[in-house]
Engineer: 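What follows is a single structure, and I will ask about it in a moment.
Counting convention: from 1, in listed order, for ligands and their atoms alike. One is the number of the first residue; the rest follow in order along the sequence. Note that the coordinates shown come from a computational prediction; the quantities given were computed from them, not determined experimentally.
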Amino acid sequence: MRTALYGPDGFFVRERPADHFRTSAHSSHFARAIGTLMVDVDRALGSPEVFDLVDVGAGRGELLSGVLAALPDELRARTRAIGVEVSPRGDTTSPGIAWRAELPRGLTGLLLATEWLDNVPLDLARDGSYLDTDLHACGPLDAADAAWVERWWPAPPGEIAEIGRSRDEAWADAVGALDAGLALAVDYGHQLGARPPLPTATGFRDGREVVPAFDGTTDITCHVAIDSAAAAAGEDHLLVRQREALHRLGLDGARPPLTLASTDPAAYLRALAAASELAELTTPAGLGSHWWLLHWTALNPRTIPLLHPSDDLRSR
Ligand SMILES: C[S@@+](CC[C@H](N)C(=O)[O-])C[C@H]1O[C@@H](n2cnc3c(N)ncnc32)[C@H](O)[C@@H]1O
């Protein structure tokens with residue numbers, strides 16, 4: 001998976017993610033919601049001189065550009081926007097964004113990772129063995145992976161587990177890059193007690209779901225064991241579905257009143273288009289069921305409205 005995605009001829013080394021699949025990050029409404037969250041985080045941090053806005057697995061900077069456009073001028077002027085990407089950006093120009101191949105440390109601000117963790121390579125296991133790409137056993141699990149499977153994915157004999165330890169480590173490392181602020185991962189995933197019975201490994205190419213190929217010609221993605229990632233990155237976190245998170249940030253997807261169609265038809269059509277994009281972001285059968293995993297560091301969560309969960313939303 002690692003070679004197929006990130007090796008010399010790897011999929012993400014050669015391809016632009018947005019040419020193959022659409023994520024929440026490509027929506028201006030999603031970017032606006034993140035902008036609202038960023039204003040709240042800035043206030044909670046006491047408006048630092050420099051606010052770090054970092055996107056890990058930033059693609060071509062679509063989300064960063066959208067968030068920057070949505071910010072109040074004063075905050076935008078203090079924002080240092082950094083896209084972290086392992087793939088080269090080609091000739092894309094992205095005004096106001098600095099690019100890094102490695103995640104910088106010592107950050108103060110907001111760290112984003114939308115649909116990154118599902119592309120962090122993982123291994124498959126069955127009955128105590130690793131599996132190769134043909135799903136044949138190819139050696140016993142090492143102690144750390146065996147312990148992970150026992151704790152987080154105790155699959156019945158004969159069933160396949162996707163070992164999420166690499167995602168746990170990646171997410172804990174990303175959260176650790178913040179000295180102060182909020183880290184947000186948005187991704188599809190599952191929790192203990194509701195793990196999928198079949199491998200979730202899927203390929204995408206040209207907007208279509210395809211059989212994953214390990215030769216660099218398709219994306220390869222596996223759903224995220226989101227509860228283990230949450231536990232790995234520390235106690236101060238909230239896990240909430242995207243539809244609930246967007247609702248709390250003021251995006252409700254309500255259709256405009258019909259009367260607007262006769263008084264201001266152009267405004268009505270604009271509002272209708274916005275409502276249909278919001279419906280795409282919040283539908284329970286799609287993007288709305290994605291997880292928002294939020295970890296905070298050196299800030300009081302009570303100062304951020306999104307983090308005021310009722311008890312049933314707390315993941316712990
Ligand atoms: C599914 S794409 C998501 C792109 C974008 N965030 C979005 O939501 O559309 C995952 C991206 O993460 C990048 N990526 C994977 N591992 C990375 C790492 N360790 N550091 C930086 N970028 C990484 C890949 O190159 C790819 O562009």
Engineer: Verify the distance criterion only: is there a donor paired with an acceptor across the side chains of Thr23 and Glu115 at less than 3.5 Å?
Structural biologist: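 On atom types as modelled, these side chains do not qualify, holding no pair under 3.5 Å.
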Engineer: How would you list all residue pairs meeting salt bridge (Lys or Arg N to Asp or Glu O under 4.0 Å) that involve residues 63-80, not counting sequence neighbours?
Structural biologist: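 Every salt bridge (Lys or Arg N to Asp or Glu O under 4.0 Å) pair that includes a residue of residues 63-80, provided the two are not neighbours, is Asp42-Arg78, Asp52-Arg80, Asp73-Arg76, Glu74-Arg78.
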Engineer: At less than 4.0 angstrom from any atom of ligand 1, which residues have a non-hydrogen atom? List them by chain and residue number.
Structural biologist: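 Within 4.0 Å of ligand 1, protein side: Tyr6, Phe12, Pro17, Phe21, Thr23, Ala25, His26, Gly57, Val84, Glu85, Val86, Thr114, Glu115, Trp116, Asn119.
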Engineer: Which donor-acceptor pairs under 3.5 Å do the side chains of residues 174-184 make with protein atoms, sequence neighbours left out?
Structural biologist:
none

Engineer: What about Trp153 and His190, are their ring centers closer than 6.0 Å?
Structural biologist: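 So the answer is yes for these two rings.
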Engineer: Asp127: which residues meet the side-chain contact (heavy atoms from CB on, under 4.5 Å) condition with it, sequence neighbours left out?
Structural biologist: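 By the side-chain contact (heavy atoms from CB on, under 4.5 Å) rule, Asp127 matches Pro157.
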Engineer: With a cut-off of under 6.0 Å to the ring centre and 45° to the axis, is Arg241 in cation-pi contact with Trp291?
Structural biologist: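 That pair qualifies as a cation-pi contact.
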